[in-house]
Amino acid sequence: LTIVGWAAVLLGIAYAVEHAFDLQLWQALLLYLLPYAVAGYDVVLEAWESITEGECFNEDLLMTIATVGALLIGFVPNGSPMFDEAVFVMLFFQVGEVFEHLASDNSKKSIAKLMDIRPDSATVERDGQLLTISPEEIKLGEIIVVKVELLKELDNGIRFYSLENESLKLVVVNMGCRIMEILAPDASGKRSDVILGLKNIEDYANDPAYFGAIIGRVANRIGDARFSLNGKTYELYANNGKNHLHGGKEGFDKKIFDVTPLENGLRFHYLSKDGEEGYPGNLNLYVTYTLDDNTFSIHYEADTDADTVVNFTNHLYFNLSNTLEKVTEHSLQINADYIGCVDDTCLATGELLPVKDTPFDFNEMKKIGQDIEADHIQLKNAFGYDHSFVLKGEERQLTLEEPVSGRRLVISTTAPVVQVYTGNFLKDGCIGKAGRVYENREGVALETQLMPNAIHTEENPSVILRKGEKFESTTNYIFETI
């Protein structure tokens with residue numbers, strides 16, 4: 001039906017133009033096809049895909065049918081009262097469609113397809129096997145399982161990459177390994193961005209919310225901005241009142257990482273030198289991002305040449321609705337019987353609170369906003385949820401759902417806790433993707449990590465990394481639909 005419709009449009013326009021301007025038929029056809037050589041490639045492709053996917057009455061098809069009907073007037077014998085009007089209405093309609101399309105993002109996609117832009121590396125399926133091949137080996141039309149592409153590189157070494165498969169697409173930058181976009185499908189299959197972020201790359205240098213960044217050396221707060229290790233006291237930068245937060249004045253979120261494209265993702269590396277932000281030891285951190293079907297994974301590895309402390313996480317803020325509706329309408333379930341308590345500076349005290357019969361019991365799915373305003377000292381201390389949930393089980397420990405879009409996010413992690421932060425201070429930040437500063441609670445951060453402030457509160461602190469040892473942790477973000 002689509003092919004017949006477009007053929008009718010082509011013939012109708014050619015016939016009308018031929019008679020209106022006294023052109024040969026081939027000249028009329030060339031006049032019509034010229035703008036579509038640039039603008040129309042993916043219009044036809046999208047219309048065809050809409051038919052094969054069962055969306056028979058979408059905008060493209062209805063426009064095609066309407067155009068065919070209007071152009072049939074062109075077959076009225078020349079000289080009839082309606083002929084000239086029909087021809088010029090048709091031409092204005094067509095020119096308007098072409099210019100509107102050229103101004104859209106689809107035009108860029110069309111040009112990219114025509115130029116056969118290839119990724120830096122790719123995993124393809126051939127004869128039932130997954131193969132990693134170079135760009136030169138990718139065949140036109142071959143199905144790429146995971147596409148890794150360098151989008152652009154700035155003079156200061158900042159690189160932007162995209163990772164994409166049939167389910168997900170990510171845009172990341174090697175400054176802080178920041179994840180700038182995650183496009184995930186809703187219940188209808190439409191992909192939209194489900195994380196918060198900033199509008200301008202320059203703003204990330206002064207980003208108080210740490211959008212999408214790797215946090216280190218130590219995530220969360222260290223009390224009094226100091227710690228003792230092996231009998232020596234180390235003074236840190238106090239950037240959160242009297243406490244040290246998320247690595248200090250210039251944590252890993254602002255560092256430029258080396259990056260290596262992989263067959264299904266990216267591997268980042270940063271060397272944090274001895275004394276940086278007050279921490280001991282030369283620390284090598286490797287962060288690997290990979291895609292596998294509907295799962296995005298982060299793997300952390302670290303080693304040091306002297307005893308030090310580490311606690312890594314990613315500070316993604318999720319809003320599965322893609323509409324900036326408050327996340328208080330999202331539903332959350334966490335396999336956790338205890339939370340870590342905080343004082344009025346949001347510093348972890350080391351005390352564990354059983355969640356049963358408190359606003360912190362998410363063992364059964366409930367809306368985030370159901371109890372967030374409850375009269376509880378822990379909610380008052382943090383102005384909402386900003387607490388570590390002690391996880392139980394080895395997989396699918398947390399589930400986040402948004403009912404309108406039908407999206408579901410499941411987190412499986414080897415980390416012992418997840419810090420749930422409901423964006424209680426977002427309104428003090430920079431301009432976001434939507435062109436305005438985010439409001440409080442328009443995103444929820446789900447930070448898998450070690451227990452915060454453990455260097456002060458645990459008898460055998462889990463955050464100590466000894467010389468010769470290796471730190472490893474993995475978190476999987478699984479995107480499903482309800």
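When a residue number appears, it is its place in the shown sequence, counting from 1. Any value given below was found using the heavy atoms of this structure, including those in side chains, with hydrogens, waters and symmetry copies removed.
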For Thr323 and Val404: C-alpha separation, side-chain torsions, deciding distance, then whether side chain to side chain contact (heavy atoms under 4.5 Å, CB included) applies. CA-CA 10 Å; Thr323 62; Val404 177; over 6 Å; no
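- Between Ile478 and Ser412 the shortest side-chain heavy-atom distance falls below 4.5 Å.
- For the residue pair Asn319 and Ser321, a side-chain donor N or O sits within less than 3.5 Å of a side-chain acceptor on the partner.
- Within 6.0 Å of CD on Glu153 lie more than 12 heavy atoms contributed by other residues, nucleotides or ligands.
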Dump the intermediate steps for side chain to side chain contact (heavy atoms under 4.5 Å, CB included) on His456 and Arg221, then the final yes or no. CA-CA 11 Å; His456 290 308; Arg221 293 164 179 83; over 6 Å; no
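- Asn314 contributes a side-chain N or O that, together with a main-chain N or O of Leu316, makes up a donor-acceptor pair within less than 3.5 Å.
- Judged purely by atom type and a 3.5 angstrom limit, Tyr234 has no side-chain atom pairing as donor or acceptor with the backbone of Leu229.
- Considering all non-hydrogen atoms of both residues, Lys326 and Glu442 come closest at CD-CG, 4.3 Å.
- No side-chain heavy atom of Val327 sits under 4.5 Å from any side-chain heavy atom of Leu320.
- Remark: the backbone N or O of Gly176 is not paired with any side-chain donor or acceptor of Asp253 at under 3.5 angstrom.
- In this structure, the side chains of Leu168 and Pro185 come closer than 4.5 Å at one or more pairs of heavy atoms.
- The structure places OH of Tyr300 at 9.0 Å from CG of Leu285, a figure rounded to the nearest 0.5 Å.
- Applying the salt bridge (Lys or Arg N to Asp or Glu O under 4.0 Å) rule to pairs touching residues 402-411 yields Glu401-Arg408, Arg408-Glu480, sequence neighbours excluded.
- Lys367 is linked by a salt bridge (charged side-chain N to carboxylate O under 4.0 Å, His left out) to Glu329, counting only residues two or more places apart in sequence or in another chain.
- Below 30°, between 30° and 60°, or above 60°: for Phe479 and Phe318 the angle between ring planes is between 30° and 60°, a tilted geometry.
- Aromatic rings of Phe296 and Tyr289 (six-membered ring for Trp) have centroids within the 6.0 Å cut-off, being under it.
- Arg217 contributes no side-chain N or O that, together with a main-chain N or O of Gly248, makes up a donor-acceptor pair within less than 3.5 Å.
- Taking NZ from Lys427 and CG from Asn440, the interatomic distance works out to 5.5 Å, rounded to the nearest 0.5 Å.
- Between Tyr286 atom OH and Leu271 atom CG the span is 8.5 Å, to the nearest 0.5 Å.
- Looking only at distances, no side-chain donor or acceptor of Asn264 sits under 3.5 Å from a matching main-chain atom of Val146.
- Scanning for side-chain hydrogen bond (donor to acceptor under 3.5 Å, both in side chains) contacts around Thr474 gives His299, with sequence neighbours left out.
- In terms of modelled atom types and a separation under 3.5 Å, the side chain of Asn381 and the main chain of Cys346 share no donor-acceptor contact.
- Cation-pi geometry between Lys255 and Phe257 is not met at under 6.0 angstrom from the ring centre and within 45 degrees of the axis.
- No more than 12 heavy atoms of other residues, nucleotides or ligands shown are found within 6.0 angstrom of NZ on Lys190.
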Test side chain to side chain contact (heavy atoms under 4.5 Å, CB included) applied to Phe160 and Met180, step by step: CA-CA 9 Å; Phe160 298 81; Met180 305 181 74; 3.7 Å; yes
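- The backbone N or O of Asn282 lies less than 3.5 Å from a partner atom in the side chain of Asp305, making a donor-acceptor pair.
- With respect to Val194, the side chain to side chain contact (heavy atoms under 4.5 Å, CB included) criterion is satisfied by exactly one of Leu409, Leu183, Ile182, Asp186: Ile182.
- By the 4.5 Å heavy-atom criterion applied to side chains, Phe268 and Asp258 are not counted as neighbours.
- Contact annotation: the side chain of Val390 never approaches that of Pro416 to less than 4.5 Å [non-hydrogen atoms, C-beta and beyond].
- The closest donor-acceptor contact from the side chain of Asn424 to the backbone of Ala382 lies under 3.5 Å.
- Taken to the nearest 0.5 Å, the CD1 atom of Ile411 stands 4.5 Å off from the CG atom of Leu446.
- Side chains of Asp386 and Gln419 form a contact here, defined as non-hydrogen atoms less than 4.5 Å apart.
- Under the ring-ring contact (aromatic ring centres under 6.0 Å, His included) criterion, the residue pairs touching residues 407-433 are Phe383-Phe425, with sequence neighbours excluded.
- Side-chain contact annotation: Arg191 with Asn322, donor-acceptor N/O pair under 3.5 Å absent.
- Here the two rings, on His315 and Tyr317, have centers that are under 6.0 Å apart.
- With values rounded to the nearest 0.5 angstrom, Asn335 atom CG is found 10.5 Å from Glu395 atom CD.
- In this structure, CG on Asn476 lies 11.0 Å from CZ on Arg396, to the nearest 0.5 angstrom.
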Arg466 vs Asn230, test: side chain to side chain contact (heavy atoms under 4.5 Å, CB included). Steps then yes/no. CA-CA 11 Å; Arg466 301 290 183 184; Asn230 299 334; 3.1 Å; yes
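- Looking at residues two or more places apart in sequence or on another chain, you find no salt bridge (charged side-chain N to carboxylate O under 4.0 Å, His left out) involving Lys467.
- Aromatic rings of Tyr279 and His244 (six-membered ring for Trp) have centroids within the 6.0 Å cut-off, being under it.
- Proximity of a side-chain donor or acceptor of Asn311 to a complementary backbone N or O of Val463 within less than 3.5 Å is not detected.
- Heavy atoms from other residues, nucleotides or ligands lying under 6.0 Å from NZ of Lys199 number 12 at most.
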Side-chain polar contacts of residues 207-214 - donor-acceptor pairs under 3.5 angstrom, sequence neighbours left out - could you list them?
unit_1 : atom_1 : unit_2 : atom_2 : d
Asp207 : OD1    : Ala209 : N      : 2.8
Asp207 : OD1    : Tyr210 : N      : 3.3
Asp207 : OD2    : Arg178 : NH1    : 3.0
Asp207 : OD2    : Tyr210 : N      : 2.9
Asp207 : OD2    : Phe211 : N      : 2.7

With salt bridge (Lys or Arg N to Asp or Glu O under 4.0 Å) as the test, would you mind laying out the steps for Glu149 and Lys169 before giving the verdict? CA-CA 11 Å; Glu149 185 175 354; Lys169 179 178 180 180; over 6 Å; no
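- Ile256 is not listed as a side-chain neighbour of Asn156, based on a closest heavy-atom distance of 4.5 Å or more.
- Of the possible polar contacts, one joining the Asn363 side chain to the Ala336 backbone as a donor-acceptor pair under 3.5 Å is found.
- Residues Tyr477 and Ile298 are in side-chain contact: their nearest non-hydrogen atoms beyond the backbone lie under 4.5 Å apart.
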